[in-house]
Amino acid sequence: MSNKTSLVAVLGAIAIPVASAYFVVQLWGSASTSSADMGSPTMSAEAVKARIQPVGVSKASEPVAPGARTGEQVYTAICATCHATGAAGAPKVGDNAGWAARISKGWAALMTSATKGLNAMPARGGAPDLTDDEVGRAVAYMANKSGGSFAEPKVAGAAADAVAKVDPATKGKEIYGQMCAACHATGAAGAPKMGDKAAWAPRIGKGMDALVASGIKGLNAMPPKGGYSGSDAEFAAAVEYMTAASK
Ligand code: HEC
Ligand code: HEC
């Protein structure tokens, strides 16, 4: 055996057990931690999605619920093609002189042009999925930057979402148990009992909005919001829970 061969043999004798011990530790470690890794923040759907996002995607281009786009979002996505540049003879945003005669036609006339189209201006700017309110917001956005002063139709989405998030079957039930049952489970103080269809029918007949509104204000022995101090949306969820069981 030459010196060189014996050196290789000695190194091998040391390296192989060390290497296998390393792999055993690696395997063991990954097996015992793999489930924890999947739950870690870096593996969450959002985090993964964020990492695989193409470079250059901005917040502004995130999908917005249809119907809930602001005037600026609609303008940027659709109307700017012509109205930022004057393409096809479109009045440019910021060109007050170009807009003055149009603005003086009034809101209704502008809305008719924008939704139905006018010469080279396509109906809804060529985006048929825009709601009337979205078109209106874009019209107000553009006109107001060009000498006009129109009220931009409100985005109802935010408020509607907040109401929808309060679930009558869970949060409504919880509030009922804490606040409303004291009177509405027993009929105390003359309260219509939960589940008493005859007592609830004329009240439900007023419509949910009216019912919630009168509950918020209070009615005779019914204190405002039944004494509940949370949001109107939460109170509405409790009303919904109670009436659903009384129809
Ligand atoms: C393809 C180009 C194009 C796009 C896209 C476009 N417009 Fe126009 N728009 C025009 C042109 C051209 C006119 C001028 C029409 C005329 O007076 O003959 C015009 C005029 C208007 C007017 C004035 C109408 C009037 O009665 O004087 C409004 C309001 C308007 N556009 C709103 C919008 C809105 C809102 C959008 C986006 C949703 C939009 N436009 C997208 C081309 C466009
Ligand atoms: C102190 C007793 C009391 C409590 C607590 C109470 N209510 Fe009432 N509630 C009443 C009485 C009494 C009426 C009947 C009022 C009337 O018609 O004169 C009533 C009526 C109502 C009505 C019908 C209003 C209408 O226009 O007919 C609703 C809705 C209602 N309560 C919801 C609630 C909810 C939700 C809660 C809990 C967050 C609650 N109440 C807690 C006593 C109470």
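For the pair R203 and L219, the minimum side-chain heavy-atom distance is below 4.5 Å.
Within a 6.0 Å radius of NZ in K206, more than 12 heavy atoms belonging to other residues, nucleotides or ligands are found. The number of heavy atoms from other shown groups lying within 6.0 Å of CD (E152) is above 12.
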Would you mind writing out the side-chain donor-acceptor pairs for residues 80-97 within the sub-3.5 Å range, not counting sequence neighbours?
| residue | atom | partner | partner atom | Å |
| --- | --- | --- | --- | --- |
| T81 | OG1 | I78 | O | 3.1 |
| H83 | ND1 | P91 | O | 2.8 |
| T85 | OG1 | T81 | O | 3.2 |
| T85 | OG1 | C82 | O | 3.3 |
| T85 | OG1 | A87 | N | 3.1 |
| D95 | OD1 | A97 | N | 3.3 |
| D95 | OD1 | G98 | N | 2.9 |

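Residues I204 and S246 come closest through the heavy atom pair CD1-O, 3.9 Å. Closest non-hydrogen pair, I175 versus A238, comes out as CG2-CB, 3.9 Å. Across all non-hydrogen atoms, the minimal contact from A114 to V139 is CB-CG2, 3.6 Å. Closest heavy-atom contact between C180 and M242: CB-SD, 4.5 Å. In plain terms, the two heavy atoms of P168 and E240 that are nearest each other are CG-OE2, 3.6 Å. Considering every non-hydrogen atom in both P202 and A198, the closest pair reads CD-O, 3.3 Å.
Note that OG1 of T243 and CE of M208 are 4.0 Å apart. Values are rounded to the nearest 0.5 Å. Atoms CZ and CD, from R137 and Q73 in turn, are 9.5 Å apart once rounded to the nearest 0.5 Å.
Residue V74 is tested with R124, M142, E134 for a side-chain contact (heavy atoms from CB on, under 4.5 Å); the sole match is E134.
Residues M121 make up the rest of the hydrophobic cluster containing L118, defined by ILVMFWY side-chain heavy atoms closer than 4.5 Å, directly or through other members.
The ring-ring contact (aromatic ring centres under 6.0 Å, His included) analysis of residues 104-129, with sequence neighbours excluded, yields the pairs W107-F150. Among pairs with a residue in residues 209-230, those fulfilling side-chain hydrogen bond (donor to acceptor under 3.5 Å, both in side chains) read K225-D232, Y228-E234, at least two apart in sequence or across chains. Applying the salt bridge (charged side-chain N to carboxylate O under 4.0 Å, His left out) test to residues at least two apart or on different chains, the pairs with a partner in residues 174-183 are K171-E174. For residues 172-224, the ring-ring contact (aromatic ring centres under 6.0 Å, His included) pairs, not counting sequence neighbours, are Y176-Y241, H184-W200.
Checked for salt-bridge contact, R69 and D129 meet the test: a charged N lies under 4.0 Å from a carboxylate O.
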| task | Tell me, with the steps shown, if K197 and K247 meet side chain to side chain contact (heavy atoms under 4.5 Å, CB included). | result | CA-CA 6 Å; K197 293 183 186 155; K247 276 183 196 164; 5.9 Å; no
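Side chain of S104 to main chain of A101: a donor-acceptor pair is present (N/O by atom type, distance under 3.5 Å, no hydrogens or angles).
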